[in-house]
Amino acid sequence: MIKSAYIHIPFCQNICSYCDFCKVFYQEDIVDKYLTSLEKEIKTFYNDDVLDTIYIGGGTPSVLNIKQLKRLLDMLDILKKSNNCEYTMECNFESIDSLKLDLMIKHGINRVSFGMQTINERLLSRLNRHHNKQQIINIINLTKNKGINNINIDLLYALPNEVINDLKEDLSFLMSLDIPHVSTYSLMIEPHTLFYINNVKSQDEDSDVAMYKLIQRYLKEKDYQQYEISNFAKKGYQCLHNLTYWDNNEYYGFGLGACGYINNYRYNNTRGLNKYLKGCYRYEIEKLTIDDKMSYETILGLRKRQGIDKQAFFNKYKKNIDNVFDYQHEKKLGLLKENNEYLWIPEDKLYLSNEAMVAFVGGSTYEK
Ligand code: SF4
């Protein structure tokens with residue numbers, strides 16, 4: 001049974017300078033056509049599974065006008081939800097309001113994820129983001145007053161010319177909002193973004209690592225548990241939807257550019273809007289071998305602070321993980337640790353997670 005579904009709403013009012021996500025400019029008539037095609041996709045592929053998590057991401061789902069948002073949420077009512085279903089929607093501070101929040105709550109949405117990135121006005125302007133501190137405070141208060149306390153904020157660091165003090169101000173402001181979940185991302189300058197075209201340079205590696213470590217220390221002191229490389233939560237507020245991915249469980253992905261994992265197949269939907277509107281949904285489909293599944297299991301599992309549950313791995317694949325992968329070299333380097341129950345990346349090496357995962361990437365796996 002599939003327990004999770006992701007729904008992608010690719011529309012944005014402005015395009016951020018660093019963005020390489022699957023997004024398109026908001027246009028009212030295109031959104032209407034998109035919703036028609038999305039509904040068709042869901043009706044074609046959804047198999048009546050009872051879901052524990054639903055995540056509406058983007059893009060910026062809250063950019064839909066109230067009528068379109070109602071239409072989206074009405075159509076998603078077809079998805080069956082378990083009693084405690086975690087139902088998240090991504091929002092930005094400029095496009096959410098009281099009416100939209102009421103509608104979301106009416107449809108069962110109980111978690112909201114906001115893209116703050118930074119509060120530094122100079123940096124926000126470089127990112128082409130248009131909110132300000134007061135707007136953030138007002139919207140967070142409004143969301144809480146409506147009864148949604150399960151709130152995530154995305155924080156972006158290692159921005160061009162950002163210094164440690166800028167990051168400290170962001171963190172201190174975040175704490176003043178008293179929210180239970182923080183996702184952090186280091187800025188990567190990806191091809192085809194405005195930053196890339198304008199030859200904007202990333203921070204050097206040392207600054208990047210220093211900022212990552214500052215975030216780890218700061219949030220730990222404030223009682224946030226780092227439960228994944230980039231994610232921190234107060235007790236009881238881990239994002240169950242994202243844990244589906246890191247636990248290597250299957251999930252539906254609906255919408256432009258969405259990825260999914262169903263019945264041993266991983267798939268990517270087309271990123272071409274015209275194709276999507278014509279109902280050509282799937283772009284790439286990969287049938288997973290048992291070796292592929294074990295590689296995914298370890299690479300995704302190592303993202304979690306607790307690491308890989310070795311017994312669970314055995315139960316799933318009838319093999320001991322150390323009989324499948326050779327990770328002794330990474331262990332000797334201190335990039336991995338293990339005991340009888342778990343295999344994990346130590347806290348002070350999480351910033352080197354790519355190196356730690358090398359033993360599990362295609363080619364370097366071996367059968368004993
Ligand atoms: S709001 Fe998000 S998806 Fe939209 S352009 Fe900015 S980063 Fe990209």
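Heavy-atom basis, side chains included; hydrogens, waters and symmetry copies ignored. Counting starts at 1 for both ligands and their atoms, in listed order.
Atoms of ligand 1 lying under 4.0 Å from any heavy atom of Thr60, numbered from 1 in the order shown and given with element: 1 (S), 4 (Fe). Counting atoms of ligand 1 from 1 in the listed order, those under 4.0 Å from a heavy atom of Cys19 are 3 (S), 5 (S), 7 (S), 8 (Fe). The contact set between ligand 1 and Asn14, taken as ligand atoms under 4.0 Å from a residue heavy atom, comprises 5 (S).
Taking the centre and axis of the six-membered ring of Phe232, the NZ or CZ atom of Arg305 falls outside the cone set by 45° and 6.0 Å.
Note on Tyr34: it clusters hydrophobically with Leu73, by side-chain heavy-atom contacts below 4.5 Å among ILVMFWY residues.
In this structure, the side chains of Trp246 and Tyr227 come closer than 4.5 Å at one or more pairs of heavy atoms.
Between Phe93 and Phe114, the distance separating the two ring centers is shorter than 6.0 angstrom. The ring of Tyr251 has its center closer than 6.0 angstrom to the ring center of Tyr245.
Between the side chains of Glu250 and Tyr265, no donor-acceptor pair is found at a separation under 3.5 Å.
Neither the backbone nor the side chain of Asn92 has a heavy atom within less than 4.0 Å of ligand 1. For Cys16, heavy-atom contacts with ligand 1 shorter than 4.0 Å involve the backbone as well as the side chain.
Among protein heavy atoms, atom 3 (S) of ligand 1 sits closest to Gly59 N, 3.3 Å.
Residue Cys12: no N/O/S atom is found under 2.8 Å from atom 8 (Fe) of ligand 1.
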